[in-house]
Each structure stands twice: as structure tokens, then as C-alpha cells.
Amino acid sequence: MQKLTVTICAFATMITAAYGGTATYSGKEMKQVEQVPPCPEWYRDTEWNVSLWGTYVFTANNWQDDRYFQSDHAWGGGIDVKYFFHRYFGVGVEGWMVDSRQARENDFVDVSDGIFQQTFNHVHKGIGAVLGTLTLRYPIPCTRFSPYIFGGGGGIFGGGQKQVNERFIEPGEGFDIVATTRHTDAEARAIGQVGGGMEIRITPHIGWVSDFSWNFVDGPNNNFGMVRTGVNFAF
């Protein structure tokens, strides 16, 4: 009997030693979670933007019918400064200047002798505008892209010359009655603008912008489209 008791105790000791170093866990198995790094921030919630761009203007009407540019198209450039007081909203000021190649009609009529002469020549006129703008943008999360829409209003200057017909008596033998044409000086007018585009950030501080806008100038005979593309600096 004593030998049986000793044998049972020894066997129990061996079992305890065998399981003594093993750790057991209750519940679900623990797993290590790998942390994903955050997306880079290409656009800040508040920032200043300064853009320099080239532009192409095309009029809604033919040059004979346009009352402000008096040409089919024009090339130029501009700058705008915006402050985004919110991630999605910004206010700013833009200014631009284009070179409008205008065709001028020059009529000469000698009423007395029945002479009519009509000629055309081209003149280059600088036409520009200054506007206040409101921009709404949407920086797409975890990308470099930000579509935007904008609108604004201000003043345009440098165009709007009118053709004036004049008659006078030419001194000399016969006192011929002569009719000619001349053009008035440029006029400043109000302008409204709506448009939309896309910005692509190369770095968090440098981007490329491209957009299109439609501009309204004092009636349907003066409206024009504007295409712009250029570099944007954000800070």
C-alpha cells in the first residue's frame, strides 16, 4: 500500500512539472494590429493661393457683331490671389490683360463726286479686367486633385469703341461734301463671371490649375469665354 501511494505522488509530480511552464489564455486569441500611416495632406484647411496663368479669350459673336472686344479672340495672361478661410471656401481678387487685334472699317465718301472708298486696317488694343471672386473647392481625400467652381464680378476696360460717321465740307474748289468714319475712346463696363476647373498639387505648396469661365459684359453682344491654365503657389 505504501509503495502504491509513493507511485501515485511521483506520477502527480511529473504531470505538474510537465504543464507548469505552459501559459494558457482564455477567450479570443490576441493578434497584433499593424497601423496604417495617414494620407499626406496636399491641401490645408486655411491657406493663401497665388496663381499665375496664361489665357485665351473667344467671343460669343463674330468680330463684326461683338461690341466690346471687336475681334474673334485674344491671348493674354493674369494673376489671382485667394485666401481659403475654410477647407472648401475661399475669397480672392483676379486681374488679367489680353491683346485684342481689332479690325477697323474706314469709309470715305465724296458725296459731291460720287466717290466711295472702304478700307480695313488692324489695331492692337489691350483689354483687361479686375474682379472679386468666391471659390468653392473639394480636395478629394488622399489624392492630389481638387475640382472647383467660382464666380465673381468687377470691371472691364480697354474695349467698347464705337464707330461714328461724320460729314463735313472739304474746303477748296467745289466745296465737296465728304463723309468719313472714326472711333470713340474705350469704355469701362461691369463684368460678371462663372466657371469651374481642376487643380493638381505637385507638392503641398505648388499646383497646376486649368479652368474655363463664361463672362457677361453689358448685354448678349459682348459675352465671351475664357480658358486659363497656369501655376498655383499655396502657403
For residues Asp211 and Tyr148, is any side-chain donor paired with an opposing acceptor at under 3.5 Å? yes
Would you mind checking if Lys125 and Glu187 are paired as a salt bridge, meaning a charged N to carboxylate O distance below 4.0 Å? no
Main-chain N/O of Phe235 paired with His205 side-chain donor or acceptor, under 3.5 Å: no
Less than 4.5 Å apart, side chain to side chain, heavy atoms only: is that true for Val194 and Phe150? no
How are the rings of His86 and Tyr88 set to each other: parallel, tilted or perpendicular (split at 30° and 60°)? tilted
Atom CZ of Arg137 and atom OG of Ser146: how far apart are they, to the nearest 0.5 Å? 5.5 Å
Counting only N and O atoms by type, is there a donor-acceptor contact under 3.5 Å from the side chain of Arg201 to the main-chain atoms of Pro204? yes
Rounded to the nearest 0.5 Å, the CH2 atom of Trp53 sits from the CD1 atom of Ile79 at a distance of 9.0 Å
Check: Asn62 side chain, Asp72 main-chain N or O, donor-acceptor pair, under 3.5 Å: no
Answer yes or no: is there an ion pair linking Asp80 with Lys82, defined by an N-O contact shorter than 4.0 Å? yes
Those residues that, when tested against Arg144, pass salt bridge (Lys or Arg N to Asp or Glu O under 4.0 Å) (two or more places apart): none
Quick check against the 3.5 Å criterion: does Thr133 have a side-chain atom that pairs as donor or acceptor with the backbone of Gly152? no
Got a donor-acceptor contact below 3.5 angstrom from the Thr59 side chain to the Phe224 backbone? no
Among Ile156, Val217, Asn215, find the one that has a side chain to side chain contact (heavy atoms under 4.5 Å, CB included) with Gln193. Asn215
Ignoring hydrogens and angles, state whether a donor on the side chain of Trp208 or Thr229 is under 3.5 Å from an acceptor on the partner side chain. yes
If you measure from the Lys or Arg side-chain nitrogens to the Asp or Glu carboxylate oxygens, is any gap between Glu41 and Arg87 under 4.0 Å? yes
Taking side chain as C-beta onward, heavy atoms only, is Val98 less than 4.5 Å from Ile127? yes
Distance in Å, Thr143 OG1 paired with Trp42 CH2, rounded so as to fall on 0.5 Å steps: 9.5 Å
To the nearest 0.5 angstrom, please state how far the CZ atom of Phe58 sits from the CG atom of Asn223. 11.0 Å
When you look at Val130 and Val93, which way does the side chain to side chain contact (heavy atoms under 4.5 Å, CB included) test go after all the steps? CA-CA 7 Å; Val130 177; Val93 177; 4.3 Å; yes
Side chain Asn222, main chain Tyr68, donor-acceptor under 3.5 Å: yes
Is Glu199 paired with Arg228 through a side-chain N to carboxylate O contact shorter than 4.0 Å? no
